[in-house]
Amino acid sequence: MRTGKIPSIPSSEITPEGVYLNRRQFMKLAGGAGAAALLAACGVQPTENVATPETLSLADELGDPANTFEQITHYNNYYEFTTDKEGVANLAEDFPTTPWQVEVGGLVQNPRTYDIDQLRAFQQEERIYRLRCVEAWSMVIPWTGFPLAKLLAEVEPMTSARYVAFTTKMDEEHMPGLKSPFYPWPYTEGLRLDEAMNDLALLVTGLYGKDLPPQDGAPIRLAVPWKYGFKSVKSIVKIDLVEEMPETLWNTVAANEYGFYANVNPDVHHPRWSQATERRIGETKRRETLLFNGYSEQVSALYEGMSLYSNF
Ligand SMILES: Nc1nc2c(c(=O)[nH]1)N[C@H]1C(S)=C(S)[C@@H](COP(=O)(O)O)O[C@H]1N2
Ligand SMILES: [Mo]
């Protein structure tokens, strides 16, 4: 398996969306059929995600092309709006993301409330991450953001802090899904402090070099690529350093199905379906799911000596 360093691509190399679509449409007209035939001859299934010249610079470190902006922004899980993945974009369109503040506190030396602009002032990086949903679909997404570790370093966790708890926005006026009585709102999540300090844990402010669209968690969300997607919380308003493992929405709903760790693992199955394979959005043939979603080299040390079966 190829792991190694996550390549970071400067914004300037990310094709702006307008150009991207135009070139894509152009390619379809100019060389689409020829390219498809060529790929078929090489034994490659021509799907939406096949690397074409205009997407070539946007691939993950395993060589798989990024999903399109359209796919990433029109197939979403965001239960505060709706459980209909294709309906989130429309319902979230007018979600107000300014003003926005994130309160960082709990067991820290320097509790602080950040305005969203102060968070955008952290040095931003491009990171192309796989996102593997617990429902067994996945995407490759070019995020913009900064390591959560940099924010935590500023507030200085106390030695008693062992976990990080995330609380997200509850805007009843704009989030119709909050009316659902089946979920213990607000959407909450958590990480162990050493997981949160891992360089892969990213606070995300953008997508494809642009501001994050509301359906993907604007103005700020988390991306924890080695864990199932539900750990990557959207619309964060509060980050607390705590001593005990925090309660989380999905674990509260069904503890036997959604563990606190939720590390991607092809050998630990959901009680109602296998996690051995996944469907990459845009592809027809299923892929093998990788341990820690392909990020073992960066994160396996976090779980040394721990059973991944009982701590699922
Ligand atoms: N606040 C909030 N964050 C959330 C969710 C949600 O319903 N509410 N869904 C999670 C799930 S299940 C997944 S798979 C990812 C999906 O992120 P995406 O829609 O940007 O692909 O967001 C996660 N973050
Ligand atoms: Mo998910």
Side-chain angles (χ1 to χ4, degrees), residues 66-93 95 97 100 102 127-145 148 165-172 174-180 182-191 201-208 210-239 246 248-254 257-259 262-264 270 272-273 275 278-282 289 293:
N67 280 87
T68 65
F69 185 82
E70 176 67 21
Q71 289 166 336
I72 298 166
T73 57
H74 288 81
Y75 191 84
N76 301 101
N77 267 337
Y78 204 164
Y79 280 23
E80 288 91 327
F81 289 95
T82 173
T83 55
D84 166 23
K85 295 188 209 326
E86 273 137 48
V88 179
N90 189 42
L91 284 174
E93 199 175 28
F95 178 62
T97 57
W100 194 280
V102 180
R127 300 255 187 118
I128 302 173
Y129 280 170
R130 292 172 289 288
L131 180 143
R132 170 46 161 94
C133 176
V134 73
E135 299 161 337
W137 55 267
S138 65
M139 294 202 208
V140 175
I141 307 183
W143 299 120
T144 309
L148 172 60
F166 301 88
T167 308
T168 71
K169 186 78 167 180
M170 258 182 95
D171 179 342
E172 276 94 351
H174 299 95
M175 293 171 146
L178 291 175
K179 292 193 186 76
S180 170
F182 300 112
Y183 302 99
W185 308 113
Y187 193 107
T188 49
E189 257 308 333
L191 295 171
L202 198 71
L203 279 169
V204 167
T205 58
L207 169 62
Y208 265 101
K210 306 194 297 193
D211 280 353
L212 202 56
Q215 61 267 39
D216 289 283
I220 189 157
R221 59 98 53 91
L222 195 63
V224 194
W226 71 97
K227 292 176 179 284
Y228 290 119
F230 66 84
K231 302 293 287 185
S232 293
V233 285
K234 300 177 173 183
S235 62
I236 298 167
V237 292
K238 203 158 166 284
I239 300 176
T248 71
L249 179 137
W250 282 110
N251 191 248
T252 304
V253 167
E257 301 192 359
Y258 308 104
N263 290 314
V264 175
H270 188 280
R272 292 183 280 129
W273 60 83
Q275 295 292 24
E278 66 199 57
R279 181 173 62 95
R280 178 68 46 86
I281 300 305
T289 285
N293 205 19

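Residue numbers start at 1 and run along the sequence shown. Read the numbers this way: they start at 1 and go in the same order the structure lists the ligands and their atoms.
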Undergrad: Return yes or no for this condition: an N or O of Asn77 is under 3.5 Å from an N or O of ligand 1.
TA: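 Yes; the residue has a nitrogen or oxygen that sits under 3.5 Å from a nitrogen or oxygen of the ligand.
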
Undergrad: Where on Met139 is there a heavy atom closer than 4.0 Å to ligand 1, on the side chain, on the backbone, on both, or on neither?
TA: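 Under 4.0 Å from ligand 1, Met139 contributes no heavy atoms.
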
Undergrad: Lys85 and side chain to side chain donor-acceptor pair (under 3.5 Å): which partner among His74, Glu135, Gln215?
TA: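 Running side chain to side chain donor-acceptor pair (under 3.5 Å) over His74, Glu135, Gln215 with Lys85 returns exactly one hit, Glu135.
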
Undergrad: Within a strict 4.5 Å, meaning less than it, do heavy atoms of the Trp226 and Val224 side chains meet?
TA: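 When only atoms from C-beta onward are counted, Val224 and Trp226 do touch, with a gap below 4.5 Å.
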
Undergrad: If we only consider heavy atoms of Arg221, is any one of them less than 4.0 Å away from an atom in ligand 1?
TA: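 In this structure, Arg221 qualifies as a contact of ligand 1 - some heavy atom is under 4.0 Å.
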
Undergrad: For Asn76 and ligand 1, does the shortest N/O to N/O distance drop below 3.5 Å?
TA: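 Such a contact does occur with ligand 1.
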
Undergrad: Provide the number and element of each atom of ligand 1 under 4.0 Å from a heavy atom of Asp216.
TA: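 Those atoms are 18 (P), 20 (O).
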
Undergrad: Please check whether Trp137 reaches ligand 1 - meaning an N/O of the residue sits under 3.5 Å from an N/O of the ligand, judged on distance alone.
TA: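 N/O-N/O distance below 3.5 Å does not exist for this pair.
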
Undergrad: Please identify which atoms of ligand 1 are closer than 4.0 Å to at least one heavy atom of Val233.
TA: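 Close to Val233: 3 (N), 24 (N).
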
Undergrad: In the structure I gave you, are the side-chain heavy atoms of Leu202 and Pro225 within less than 4.5 Å of one another anywhere?
TA: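 When only atoms from C-beta onward are counted, Pro225 and Leu202 do not touch, as no gap falls below 4.5 Å.
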
Undergrad: Considering the heavy atoms of Phe230, write down every atom of ligand 1 situated less than 4.0 Å from one of them.
TA: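 Near Phe230, meaning under 4.0 Å from one of its heavy atoms, ligand 1 has 10 (C), 11 (C), 12 (S).
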
Undergrad: Below 4.0 angstrom from a heavy atom of Cys133, which ligand 1 atoms are there? Numbered from 1 as shown, please.
TA: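 It comes down to these atoms of ligand 1: 14 (S).
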
Undergrad: Say whether Lys234, considering both its backbone and side-chain N or O atoms, lies within less than 3.5 Å of an N or O atom on ligand 1.
TA: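 Between Lys234 and ligand 1 (N or O atoms, distance only) the closest approach is under 3.5 Å.
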
Undergrad: Can you check whether Tyr228 reaches Arg132 side chain to side chain, under 4.5 Å on heavy atoms?
TA: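 Yes, side chains in contact.
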
Undergrad: Test your reading of the model: is there a side-chain donor-acceptor pair from Thr168 to the backbone of Tyr187, 3.5 Å cut-off?
TA: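 Checking the backbone N and O of Tyr187 against the side chain of Thr168, a donor-acceptor pair under 3.5 Å is found.
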
Undergrad: Please check if any side-chain donor atom of Asn263 sits under 3.5 Å from a side-chain acceptor atom of Lys227, or the reverse.
TA: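 Their side chains do contain a donor-acceptor pair, which is all the 3.5 Å distance test asks for.
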
Undergrad: Under 4.0 Å from a heavy atom of Ser232: give me the atoms of ligand 1 that qualify, with their elements.
TA: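 Listed by number with element, the hits are 22 (O), 23 (C), 24 (N).
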
Undergrad: Taking the non-hydrogen atoms of Gly217, is any one of them nearer than 4.0 angstrom to ligand 1?
TA: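 So Gly217 does not count as touching ligand 1.
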
Undergrad: Applying a heavy-atom cut-off of 4.0 Å, say which part of Tyr78 lies close to ligand 1: side chain, backbone, both or neither.
TA: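 It is both backbone and side chain that touch ligand 1.
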
Undergrad: Give me the residue, atom name and distance of the protein heavy atom closest to atom 8 (N) of ligand 1.
TA: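 The protein heavy atom lying closest is Glu80 OE1, 2.7 Å.
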
Undergrad: Is the Tyr78 ring parallel, tilted or perpendicular to the Phe81 ring (thresholds 30°, 60°)?
TA: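 The arrangement is perpendicular - the two ring planes meet at more than 60°.
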
Undergrad: Treating Arg130 as the side-chain partner and Asn293 as the backbone partner, does any N or O pair qualify as donor plus acceptor under 3.5 Å?
TA: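 The answer is yes, because a donor-acceptor pair under 3.5 Å joins these two groups.
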
Undergrad: Could you tell me whether the side chain of Asn251 and the main chain of Tyr258 form a donor-acceptor pair under 3.5 Å?
TA: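 Looks like yes, one N/O pair under 3.5 Å.
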
Undergrad: Under 4.0 Å from a heavy atom of Tyr79: which atoms of ligand 1 are those, numbered in the order shown and with their elements?
TA: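 Result: 6 (C), 7 (O).
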
Undergrad: Would you give the length of the straight line joining atom CD1 of Ile236 to atom CG of Leu222, rounded to the nearest 0.5 angstrom?
TA: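 Between Ile236 CD1 and Leu222 CG, I get 5.0 Å after rounding to 0.5 Å.
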
Undergrad: May I ask which of Ser235, Ala223, Gly229 has a heavy atom nearer to atom 15 (C) of ligand 1 than the others do?
TA: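 The residue whose heavy atom sits nearest atom 15 (C) of ligand 1 is Gly229.
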
Undergrad: Starting from atom 6 (C) of ligand 1, which protein heavy atom do you reach first, and at what distance in Å?
TA: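 Scanning the protein heavy atoms, the shortest distance from atom 6 (C) of ligand 1 goes to Tyr187 CE1, 3.2 Å.
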
Undergrad: Side chains of Glu257 and His270: donor-acceptor distance under 3.5 Å anywhere?
TA: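 Note: Glu257 and His270 side chains meet the donor-acceptor criterion.
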
